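Just so it is clear, the model here is predicted, and its values are computed rather than measured. The chain is numbered in sequence order, starting from 1.
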Amino acid sequence: MVAITLPDGSKRQFDGPVTGTDIAENISKSLAKKALAVKVDGEVRDLFDTVDRDAAVEIVTREHEDALDIIRHDTAHLMAQAVQELYPGTQVTIGPNIEDGFFYDFARDEPFSSDDLAAIEKRMNQIVEEARPTRKEVWNRNDAIKHFKDIGEHYKAEIISDLPESEQIKIYYHGDWHDLCRGPHLPSTKHIGKAFKLMKVAGAYWRGDHRNPMLQRIYGTAWTNEKDLKDYLTRLEEAEKRDHRKLGKEMDLFHFQQEAQGSVFWHAKGFLVWRQLEAYIRRQLDADGYEEVKTPQLLDAKLWEMSGHWGKFRENMFVVPDEIPSTEEEGPVLTGEGDLMALKPMNCPAHVQIFKQGIKSYRDLPIRMAEFGCCHRNEAHGALHGLMRVRQMTQDDAHIFCREDQITEETKRFLDLFARVYEDMGMTDIAYKLATRPEMRAGDDATWDRAEKALADALTAAGLEFEIAEGEGAFYGPKLEFHLTDAIGRTWQAGTYQLDYVLPERLDATYIDESGARQRPVMLHRAVFGTFERFIGLLIENYAGRLPLWLSPVQVAVTTITSAADDYAREVAAAFKAKGLRVDLDTRAEKINYKVREHSHAKVPVIAVVGAREAEEKLVSLRRLGSKDQETTGLADAAEALSSEALAPDLKRA
């Protein structure tokens with residue numbers, strides 16, 4: 001007998017092993033028609049798999065939380081079938097799910113075009129209508145290697161060759177087409193539905209190694225229904241409009257160029273945004289008891305070896321030889337065998353060096369040490385993405401050196417700071433995650449146990465709900481992740497908070513406790529914005545370029561209707577500037593509608609229009625970005641109101 005426990009707690013008895021299909025049919029015929037897969041004791045399996053023991057079982061339908069992953073994986077297989085039917089001789093390699101969709105890498109000499117994508121998508125729809133049934137076979141490893149070599153699928157044969165001897169080789173068939181796959185899959189291609197779309201083609205090296213052949217990667221998206229697909233495509237259109245790279249150019253904030261890959265050329269307007277954010281966060285740090293420091297850009301490799309970063313991040317560090325000229329004739333030579341220096345990829349080891357200057361007492365702790373530290377990381381060219389992924393970055397970085405009994409209070413203090421800052425930035429939808437020990441890590445399990453418990457206890461004490469991100473911690477300690485939802489529903493990870501017992505040990509940082517004994521401080525790594533570059537990119541996209549008045553590089557554009565109002569426009573601009581507003585004076589001999597459109601395109605939040613009437617009566621007509629309405633008011637009142645409105649959120653509270 002096999003006892004099946006259903007989600008509502010009811011039980012069904014079967015005489016022997018039973019498939020997911022049998023269970024669904026036993027519950028109801030309508031459920032069997034909607035069934036996509038079966039979940040047995042928490043594991044999603046094929047509907048035709050047998051259950052031969054007592055188990056808790058759920059039937060996965062389109063509405064189930066696990067359905068979307070299966071649909072996307074089946075859609076990747078669907079795309080691969082269509083490609084090989086339309087373009088014989090194309091080899092398939094790997095096709096995993098990714099966020100919002102899937103991709104498949106293909107080996108084909110001729111590049112795919114946009115017309116090819118349309119043809120592939122059309123063929124995919126036809127295959128869905130054919131309702132090709134799914135079945136699974138388990139093959140002998142050597143037989144599988146030989147089979148795929150025989151049919152010209154050399155990449156697939158290589159994948160199987162690299163699998164452990166003990167690995168089960170599962171082959172999934174959809175009709176006659178088949179592929180190596182772990183599964184699970186839908187009962188037939190008709191269950192996929194037609195809520196999918198192919199998005200783009202990109203290049204990708206086989207197994208991500210530039211020494212390997214270049215493959216063609218086709219990206220797609222798939223959803224459980226047409227509405228979700230349409231909503232997703234609408235979000236993409238909106239995201240494209242909000243792309244910080246496009247808006248940064250339109251707003252004259254920054255640019256990139258080949259001669260400085262991954263580094264930002266900040267224009268005057270863009271750096272004004274930076275300066276406002278820096279002044280704001282510095283005020284928060286000052287109020288919260290941080291001491292601001294400045295540390296070197298270039299540090300000896302020996303320090304990075306001691307900290308553990310050399311072994312972990314060496315390939316992502318910019319390394320230079322420490323050279324001195326020996327003689328004019330001989331030119332520069334190394335100061336000693338193997339003498340190397342590196343641009344710092346992070347500030348933490350340097351902050352430990354400051355902590356170590358002089359003897360620290362338990363009474364001195366906590367020490368909160370902040371730095372707007374410029375760091376460099378040798379990111380791959382293909383990974384660079386505007387402000388979001390750069391090689392040169394400046395962090396609003398800080399490290400708190402504290403006693404173990406101070407962890408909870410310091411963590412709660414930081415969480416309050418973080419929430420307050422992001423509320424000021426207009427982003428209050430925050431999800432908290434506790435990232436635990438990764439497979440490759442420093443420190444023993446007992447140390448990690450203490451560190452993870454300390455952070456979990458602090459989150460609980462702060463009254464915050466959180467998820468566990470298993471294995472996602474830093475190599476030296478667990479961390480808190482902050483996931484923010486923006487104006488169009490996208491999630492961003494911003495800021496960080498990491499608890500570290502390891503680095504003080506490695507770099508021999510100590511303080512004197514109550515009994516006169518030396519103890520290791522706990523080191524809390526934390527940043528609120530993360531990096532200024534990425535945070536500014538996030539703000540631009542969240543606000544679609546329409547930054548709050550206090551952050552806007554130009555807060556008011558004073559524009560004239562006729563040249564007769566030029567002198568008064570200069571008076572208006574001077575009055576606004578006297579109140580601390582950032583003003584652009586526009587007295588060009590252009591039509592007012594043209595000037596308003598141009599300033600609106602540049603995302604200037606307030607346009608002050610003046611003509612003959614305004615000049616005569618000392619008025620200004622104010623037009624807000626995105627509104628066609630105008631508010632006419634006296635010059636003095638307008639200047640006073642706008643200057644008050646333009647204060648940073650923390651200064652308004654003061």
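- The only member of R377, M393, R391 that meets side-chain contact (heavy atoms from CB on, under 4.5 Å) when paired with P345 is R377.
- Salt bridge status for E130 with R132: present, with a side-chain N to carboxylate O gap under 4.0 Å.
- For the 3.5 Å distance criterion, the side chains of Q81 and Q84 fail to qualify, holding no donor opposite an acceptor.
- Contact check on K194 versus E226 returns no salt bridge, with no Lys/Arg side-chain nitrogen under 4.0 Å from an Asp/Glu carboxylate oxygen.
- Relative to the ring axis of Y497, R526 does not place its NZ or CZ within 45° and under 6.0 Å from the centre.
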The test is side-chain hydrogen bond (donor to acceptor under 3.5 Å, both in side chains); show your working for D105 and Y155 and say whether it passes. CA-CA 10 Å; D105 288 345; Y155 290 95; over 6 Å; no
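- For the pair R108 and F112, the cation-pi criterion (under 6.0 Å, within 45° of the ring axis) is fulfilled.
- Judged purely by atom type and a 3.5 angstrom limit, D396 uses its side chain to pair as donor or acceptor with the backbone of F529.
- For the pair Y205 and N212, the tightest heavy-atom approach, listed with the atom from each and the gap, is CD2-O, 3.3 Å.
- Just one of H191, H77, H73 meets the ring pair (Phe, Tyr, Trp, His ring centres under 6.0 Å) condition when paired with H174; it is H77.
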Begin with the C-alpha distance, continue with both residues' side-chain angles, and end with the deciding distance and a verdict on salt bridge (Lys or Arg N to Asp or Glu O under 4.0 Å) for D179 and K156. CA-CA 9 Å; D179 193 12; K156 199 64 67 174; 2.8 Å; yes
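- Classified by interplanar angle (parallel below 30°, tilted 30° to 60°, perpendicular above 60°), the ring pair Y172/F48 is tilted.
- Under the salt bridge (charged side-chain N to carboxylate O under 4.0 Å, His left out) rule, D243 has a single partner from K246, R245, K241, which is R245.
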Going through the distances and angles, do R182 and E167 end up as a salt bridge (Lys or Arg N to Asp or Glu O under 4.0 Å)? CA-CA 10 Å; R182 288 187 178 139; E167 186 84 11; 3.7 Å; yes
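- Ion pairing of R211 with D209 is present here, as a side-chain N (NZ or NE/NH1/NH2) and a carboxylate O approach within less than 4.0 Å.
- Ionic pairing of D162 and R207 is present here: one or more N-O contacts between side-chain nitrogen and carboxylate oxygen are shorter than 4.0 angstrom.
- Judged by the 6.0 Å distance and 45° axis criteria, R217 is not positioned over the aromatic ring of Y104.
- Between E379 and R389 a salt bridge is recorded (basic side-chain N to carboxylate O distance below 4.0 Å).
- There is a side-chain donor-acceptor pair under 3.5 Å between K11 and T5.
- Annotation: Y232 is in aromatic contact with W223 [ring centroid separation under 6.0 Å].
- I488 is listed as a side-chain neighbour of D486, based on a closest heavy-atom distance under 4.5 Å.
- Side-chain atoms of P96 and F102, non-hydrogen and from C-beta on, never get closer than 4.5 Å to each other.
- The aromatic rings of F148 and H178 lie tilted to each other, with the angle between the two planes from 30° to 60°.
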Given the rule in the salt bridge (Lys or Arg N to Asp or Glu O under 4.0 Å) test, do K170 and E137 qualify, once you have shown the distances and angles that lead to the verdict? CA-CA 6 Å; K170 296 179 184 177; E137 296 181 2; over 6 Å; no
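- Here the side chain of T75 pairs a donor or acceptor atom with the backbone of I71 at under 3.5 angstrom.
- Checking F535, W492, F482 one by one against Y422, the ring pair (Phe, Tyr, Trp, His ring centres under 6.0 Å) holds for a single residue, F535.
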